[in-house]
Amino acid sequence: MTDGRTALITELEIAGHRAWPAAEVHRLHGWLLRADKGITRRANSVLPCTYSGEDPDADIDAVISFYGDRNLTPMFQVTEASSPRGLDAILDRRDFERELQVHVQTVALDGITDGLGASDVTITVSATITEDWLNNYPLVTGYDDVTCIVRNTIMARAPSPKAFALAFVDGRPAGVGFAVLDGQWVGLFGIAVHPGLRRRGVGTAVSARLMHWGVSKGATDAYLQVEVDNHPALALYKRLGFTTLYTYWYRLYPDSSA
């Protein structure tokens, strides 16, 4: 792996971390230990982009204690660029189980056109979470109240500029999405479509609107994270020009009391 590829993966991992900030973030020799009530893996896992320690096994023990103290499962978000080199093999030896692979996809924004998707989709975009967005978010996603509260708090905590998209079809809440600007990048998160209104271009319309918003703020490229087995989303993002740059996965410690 070239130094340039390592740097780009690290850049996007850090951008994704900044866009989805956990309530607690603790540093351990460069690793970022994140915790937020167990809601979303990203906000409750170690991000090992850099490492300055001398004993990874001792620091893994500290990670296990950190999450155990919070009744959470010890978990690492791992890429080919994780540090120290060979971390995935160390975690495997320590019986951390590999779970859930996620593609990080990117696209250049030159030529992106607003208004893609179905013509009957109406989208509003706001710089903050509005009452309308809060009220419709659970209707579109199906998340329970506790999950919505934590996820909403994470998004509210994200740095500006950011955008909250809410889509309607015939006056019905149809889709949501969230975007965060970070230098040249606009990150797209939480693109969701109401189950009864799928395959009508809602997801395309929301994604395109947020990408266009990013362009208006100076972004030249977009990135997103999509689970490797989410085939409908992968097909949607392929139509928008996204391609996979790298894949990350989670390593979970099964012997936790969490």
Side-chain angles (χ1 to χ4, degrees), residues 1-21 32 40-43 47-50 77-83 101-117 121 123 125-128 154-155 157-167 175-193 201-228 230-249:
M1 183 170 55
T2 66
D3 289 342
R5 179 170 172 81
T6 299
L8 182 56
I9 292 173
T10 299
E11 178 182 349
L12 285 172
E13 287 291 277
I14 294 296
H17 162 72
R18 284 194 290 254
W20 199 257
L32 300 178
T40 81
R41 291 175 178 84
R42 268 179 288 151
L47 187 65
C49 289
T50 61
Q77 180 178 322
V78 184
T79 72
E80 62 191 81
S82 291
S83 186
Q101 297 183 70
V102 179
H103 290 320
V104 175
Q105 299 192 320
T106 63
V107 67
L109 292 176
D110 51 322
I112 186 66
T113 302
D114 194 11
L116 295 176
V121 179
I123 301 175
V125 176
S126 58
T128 58
I154 289 173
M155 288 183 281
R157 194 183 293 126
S160 295
K162 56 190 171 185
F164 297 84
L166 178 60
V176 293
F178 170 61
V180 179
L181 186 73
D182 193 323
Q184 77 185 67
W185 298 99
V186 57
L188 275 56
F189 300 89
I191 308 296
V193 177
V202 176
T204 299
V206 170
S207 301
R209 175 62 63 87
L210 290 173
M211 293 160 70
H212 189 263
W213 171 85
V215 171
S216 74
K217 298 295 182 181
T220 58
D221 300 272
Y223 75 94
L224 54 80
Q225 298 135 347
V226 56
E227 295 180 16
V228 299
N230 189 344
H231 301 295
L234 287 167
L236 184 160
Y237 299 135
K238 183 178 181 179
R239 289 194 295 271
L240 288 170
F242 282 91
T243 59
T244 298
L245 177 65
Y246 67 95
T247 301
Y248 68 80
W249 56 95

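Along the sequence shown, the residues carry numbers beginning at 1.
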Side-chain heavy-atom pair Ile9, Tyr248 within 4.5 angstrom cut-off:
no
Worked verdict on Glu11 versus Tyr223 for side-chain contact (heavy atoms from CB on, under 4.5 Å)
CA-CA 11 Å; Glu11 178 182 349; Tyr223 75 94; over 6 Å; no
Quick one: pull up CG in Asp221 and CG in Asp110 and give me the separation to the nearest 0.5 Å.
8.0 Å
Determine, step by step, whether Thr106 and Trp185 satisfy the side-chain contact (heavy atoms from CB on, under 4.5 Å) criterion, reporting the C-alpha distance in whole Å, the side-chain angles of both residues, the deciding distance to 0.1 Å, and the verdict.
CA-CA 9 Å; Thr106 63; Trp185 298 99; 3.8 Å; yes
Working for side-chain contact (heavy atoms from CB on, under 4.5 Å), residues Arg209 and Val125
CA-CA 8 Å; Arg209 175 62 63 87; Val125 176; 3.5 Å; yes
Going by the side-chain contact (heavy atoms from CB on, under 4.5 Å) test, name the single residue among Val78, Thr79, Leu32, Thr10 that passes it with Leu47.
Leu32
So which of His103, Glu13, Arg5, Gln105 actually passes side-chain hydrogen bond (donor to acceptor under 3.5 Å, both in side chains) with Tyr246?
Glu13
In this structure, NZ of Lys162 is separated from CZ of Arg157 (nearest 0.5 Å) by 9.5 Å
Atom pair CG (Leu236) and OG1 (Thr204), whose distance is rounded to the nearest 0.5 Å:
4.0 Å
Considering all heavy atoms of both residues, which atom of Val180 and which atom of Pro159 are nearest to each other, and what is their separation?
CG1-O, 3.8 Å
Do Leu245 and Leu12 have side chains that get closer than 4.5 Å, going by heavy atoms?
yes
Can you sort out the partners of Ser126 under side chain to side chain contact (heavy atoms under 4.5 Å, CB included), two or more places apart, ordered by chain and number?
Thr130, Phe164
Smallest separation among heavy atoms of Val228 and Leu234, with atom names
O-CD1, 3.4 Å
Using a 4.5 Å cut-off on heavy atoms from C-beta on, say whether the side chain of Leu181 contacts that of Trp213.
yes
Can you give me the closest heavy-atom contact between Gly175 and Val206, atom names plus distance?
C-CG2, 4.5 Å
Please examine the side chains of Arg42 and Ile154, heavy atoms only from C-beta on, and report whether any two atoms are closer than 4.5 Å.
no
Heavy atoms, side chains only, cut-off 4.5 Å: are Leu210 and Val186 in contact?
no
Under a 4.5 Å cut-off applied to non-hydrogen side-chain atoms, are Tyr237 and Ile191 in contact?
yes
Closest contact, heavy atoms only, Leu188 versus Ala222
CD1-CB, 4.5 Å
Can you name the closest pair of heavy atoms from Val121 and Ala167 and give their distance?
CG1-CB, 3.9 Å
Is there a side-chain contact between Gln225 and Trp20 (heavy atoms, below 4.5 Å)?
no
Of all heavy-atom pairs linking Cys49 and Ser83, the shortest is O-CB, 3.6 Å
Classify the ring geometry of Phe178 against Phe189: parallel below 30°, tilted from 30° to 60°, perpendicular beyond 60°.
tilted
Residue pair Val215 / Leu109, side-chain heavy-atom distance below 4.5 Å
yes
